[in-house]
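First comes the structure, then the notes that go with it.
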Amino acid sequence: MEILKKRIIEDGRVVGKDILKVDSFLNHQIDVRLYNEMGKEFLELFKDEKITKILTVEASGIGIACIAAQYFDVPVVFAKKTESSNLDSDTYESQVYSFTRAKTYKIRVSKRYINKGDRLLIIDDFLANGKAVLGLMDIISQAGATLAGVGIVIEKGFQEGGKILREMGVNLKSLAVVRSFEDGRAILD
Ligand code: 5GP
């Protein structure tokens, strides 16, 4: 997606050897016009998949999942990372290792909101080692629902998540793929 790629090249900042910061338009300040274009693109990519719900994980996936959901005309369910008295006690749960935080956390979704007949599209902002997506896929399979696709805004192609998911046969589509970091800049496919 050319406007996204251009924005990553212009505004993305490389931190350390494997983190891309895109806080000026994706993760902190949000460019809603760009989000709308991404939502339309996700619809174009997955329009034949009979999606009934979009699934993401809090917090950074929620914005793009909601914008995309308006084009699919389906609800968004987001997995929660914190235990709360607001959450139903009957939940599907999975463990996710976050390499950006170097810790494992639990994600939970109330059993009310994913049902057997659902065809889910997972949407997230980044794909790195694939742990967040694998955790969401685990929850979908516990619910006996169907994974119809995975839509990612930025896939870091030099980490293993994309390879793992494609080898599993997952219908994975990324709007931009970062091939490498060179001299503090993102090089895109
Ligand atoms: P994974 O589970 O695929 O290893 O990592 C994906 C999750 O980690 C995403 O939900 C995202 O929040 C975070 N993440 C991974 N890599 C990056 C990165 O380079 N930049 C930012 N901003 N977040 C990242």
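Residues: numbered from 1 along the sequence shown. No experiment lies behind these values; they were computed from the predicted model shown. First listed ligand is number 1; within each ligand, the first listed atom is number 1.
- Salt-bridge formation is detected for the pair K6/E10: a Lys NZ or Arg NE/NH1/NH2 atom is positioned less than 4.0 Å from an Asp or Glu carboxylate oxygen.
- Under 4.0 Å from any atom of ligand 1, one finds heavy atoms of residues D18, I19, L20, N27, S60, F99, T100, D124, D125, F126, L127, A128, N129, G130, K131, A132, K156.
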query = Would L165 and L134 count as a side-chain contact (heavy atoms from CB on, under 4.5 Å) if you check the C-alpha gap in whole Å, the side-chain angles of each, and the deciding distance to 0.1 Å?
reply = CA-CA 8 Å; L165 297 177; L134 288 167; 3.8 Å; yes

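- Side chains of N129 and Y97: a donor-acceptor N/O pair is absent below 3.5 angstrom, by distance only.
- Here R7 pairs with D11, D31 under the side chain to side chain donor-acceptor pair (under 3.5 Å) rule; sequence neighbours left out.
- Scored by the side chain to side chain donor-acceptor pair (under 3.5 Å) test, E44 finds K47 as partners (sequence neighbours excluded).
- For E37, the salt bridge (charged side-chain N to carboxylate O under 4.0 Å, His left out) partners two or more places apart in sequence, or in a different chain, are K40.
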